[in-house]
Amino acid sequence: SVQRPRPRVLLKAPTLAEMEEMTTSEEEESP
Amino acid sequence: RQVTVQRKEKDFQGMLEYHKEDEALLIRNLVTDLKPQMLSGTVPCLPAYILYMCVRYADNTNDDLKVHSLLTSTINGIKKVLKKHNDDFEMTSFWLSNTCRLLHCLKQYSGDEGFMTQNTAKQNEHCLKNFDLTEYRQVLSDLSIQIYQQLIKIAEGLLQPMIVSAMLENESIQGLSGVKPMGYRKRSSSMADGDNSYCLEAIIRQMNCFHTVMCDQGLDPEIILQVFKQLFYMITAVTLNNLLLRKDVCSWSTGMQLRYNISQLEEWLRGRNLHQSGAAQTMEPLIQAAQLLQLKKKTREDAEAICSLCTSLSTQQIVKILNLYTPLNEFEERVTVSFIRTIQAQLQDRNDPQQLLLDSKHMFPVLFPFNPSSLTMDSIHIPACLSLEFLNEV
């Protein structure tokens, strides 16, 4: 019998817009 | 194009080990500072395969923070490059190819059986083991749409200045210049003066350039088809809108030249194997406008012929062209008011859109069909010019 692989863990990801916001705020913080 | 794919030693499992502190250097050398020309002669979409092999390493070591960090840095790196090169067709096409390829890899090696039907046994060994990256796939898909839109914007910006003069003003059919409409024989529009004058050959040259770049970079063929459908729509919209607003080009001779130009574009699509893109169909209103200029416009039978032919033009557009139509010489009559009324009466039951002009900014929705690669990760060679010596093959 075929052994079924264990389920993979879903990695939560921010949306593209949220990533954009994060990058913008990082850029603003750094001089 | 030569492809550098070398069979690596058997124990290479298609993963690339890297240290967290090298992530920034990896993104710099492989994404933000990379020039597509450096990779000529290598396998298309090499950065995407390298990035996948790094993701796989992080997955294999069950390090979710490392996977998250690498994918976030990659996406931000790509966005940074695109922002910096927002008028560079080659760079934008390059990152569209690579973003789509990375997305395909995350599907092909996800472990989801639906994406594994074409995998070899070896490829199945290269699937992710610990993490489900479905949400990151969505982000990459959204990013691909953004890059596609940037690519279209750049291509349209390059084509736009050529369209009116190449499609409507330039006369490549010999002898046509003598049959310009009365009063317009010596007129040339401001767009056709001096350096702003283009012939159809310029449009075809530019499209050849787009096509070659996208093919060389390994952009998915289905995306290339959608790019040309979009560009042909834009050419049609700009040309038809000008025709609908300019009396001097509403003539039999322009109709003849326009039909010839369209047939050249159709021929180009066939020559590049792009005829199944739907691009030719987007030109249908323009083809009909060219025919309308050439048809007789006098009798009831002529009106019936026009109505049955011009199915892709609205009543408003047909009437406008007939009103603008300019006789070639003193022997040709203007279109009579009663003829136009006959046309309007015949078309009154049509449920036409109200606006006269086409929306030249309209974008067809883009689709990125799954396109698995037959390449196996362990066959990929990293060229020294990428300065990625800190990656270890595992």
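Order of the sequence lines fixes the chain letters, A, B, ..., with proteins taken first and strands second; residue numbering starts at 1 for each chain.
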Tell me which one of I145(B), V139(B), L140(B) satisfies side-chain contact (heavy atoms from CB on, under 4.5 Å) with L16(A).
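Single pass found, and it is V139(B).
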Given K129(B), M377(B), M116(B), E125(B), the one that forms side-chain contact (heavy atoms from CB on, under 4.5 Å) with Y109(B):
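Option passing the side-chain contact (heavy atoms from CB on, under 4.5 Å) with Y109(B): M377(B).
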Cation over ring, K66(B) on Y18(B), under 6.0 Å and within 45°?
yes
Which bit of [X] comes within less than 4.5 Å of chain A, counting heavy atoms only: side chain, backbone, both or neither?
X: L143(B); answer: both
X: D64(B); answer: both
X: K79(B); answer: side chain

Would you please test E156(B) and K153(B) for salt bridge (charged side-chain N to carboxylate O under 4.0 Å, His left out) and show each step?
CA-CA 5 Å; E156(B) 287 184 347; K153(B) 198 169 157 232; over 6 Å; no
